[in-house]
Structures are given as C-alpha cells and as structure tokens.
Amino acid sequence: MPHYEADLFTDDALRSPYEHYGALRALGPVVWLDAHDVYATPRYAETREALGADQIFSSGRGVGRNDFINEAGR
C-alpha cells in the first residue's frame, strides 16, 4: 500500500495543495496518509466508485475523525 507522509492540513499545504494532490494521484488509487491515519482515494474514478458503493463504504457511524464530532452530527 503506498503511503504519504505529509500533513495535508498545515497552513502551507492548505494554501498550496496542488503539489500534494499530484503526488497523491501518482502514488495510486488508494493511499495511506501517515499524518492522519486514514486511507485516501486521490483519483476521481476510484472516489466516485467508492461513493456509489454504499453497501461497502458506509458513513452511518459518521465521517468525523473523532467520536464527539460524529455524535454531534447525529
């Protein structure tokens, strides 16, 4: 599994994200983000496929990165 070490939420990354986007797409259809402990699908086709596969990928328990946010969203 390819992985990406950079933190995508630093001020610099948020101001200029396109270099990161290109690097992520070049790594493959699914990439592990080390700084965030999550998988990412940086390419359009795979992201669209995942969003349409609600029997496999569910957001029923929330999409936040912590329980507090997920509970608040219910």
Side-chain angles (χ1 to χ4, degrees):
M1 169 70 55
H3 64 96
Y4 193 68
E5 295 180 8
D7 183 343
L8 300 175
F9 294 102
T10 65
D11 288 342
D12 287 341
L14 291 171
R15 275 192 293 273
S16 184
Y18 300 105
E19 183 178 326
H20 295 285
Y21 296 165
L24 287 166
R25 285 192 302 272
L27 286 171
V30 179
V31 179
W32 178 254
L33 301 179
D34 293 336
H36 308 290
D37 292 327
V38 297
Y39 292 100
T41 55
R43 298 177 181 172
Y44 176 82
E46 289 80 15
T47 300
R48 183 175 170 94
E49 184 177 348
L51 289 171
D54 60 331
Q55 297 299 318
I56 298 170
F57 302 104
S58 172
S59 62
R61 293 187 312 217
V63 296
R65 298 275 295 131
N66 62 58
D67 292 334
F68 176 78
I69 294 296
N70 289 329
E71 287 297 322
R74 288 189 190 142

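In what follows, residues are counted from 1 in the order of the sequence shown.
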Item to check | Non-neighbouring partners of T47 that pass side-chain hydrogen bond (donor to acceptor under 3.5 Å, both in side chains), sequence neighbours left out | outcome: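 Applying side-chain hydrogen bond (donor to acceptor under 3.5 Å, both in side chains) to T47 gives T41.
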Checklist entry - Residues two or more places apart in sequence or in another chain: which of them pass side-chain hydrogen bond (donor to acceptor under 3.5 Å, both in side chains) with E71? => result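 E71 satisfies side-chain hydrogen bond (donor to acceptor under 3.5 Å, both in side chains) with R74 once adjacent residues are dropped.
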Item to check | Nearest non-hydrogen partners of A13 and L8, listed with the distance | outcome: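 Nearest pair, atom of A13 first, then L8: CB-O, 3.7 Å.
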Checklist entry - What heavy-atom pair brings A6 and A35 nearest, and what distance separates the two atoms? => result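 What the structure gives for the nearest pair is O-CB, 3.8 Å.
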Checklist entry - With V38, which residues qualify under side chain to side chain contact (heavy atoms under 4.5 Å, CB included), at least two apart? => result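 If we apply the side chain to side chain contact (heavy atoms under 4.5 Å, CB included) test to V38, skipping adjacent residues, the hits are L33, H36, R65.
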Item to check | All side chain to side chain contact (heavy atoms under 4.5 Å, CB included) counterparts of N66, not counting sequence neighbours | outcome: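 Applying side chain to side chain contact (heavy atoms under 4.5 Å, CB included) to N66 gives F68, I69.
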Checklist entry - In the hydrophobic clustering that connects Ile, Leu, Val, Met, Phe, Trp and Tyr at side-chain heavy-atom distances below 4.5 Å, which members other than I56 occupy its cluster, ordered by chain and number? => result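 F57, all in the cluster of I56.
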Distance-only donor-acceptor hits, side chain of residues 14-31, under 3.5 Å, sequence neighbours excluded:
| residue | atom | partner | partner atom | Å |
| --- | --- | --- | --- | --- |
| R15 | NH2 | D12 | OD1 | 2.8 |
| H20 | ND1 | Y4 | OH | 2.6 |

Checklist entry - For residues 33-57, which residue pairs qualify under salt bridge (charged side-chain N to carboxylate O under 4.0 Å, His left out), counting only residues two or more places apart or in two chains? => result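 The answer is none; no pair qualifies.
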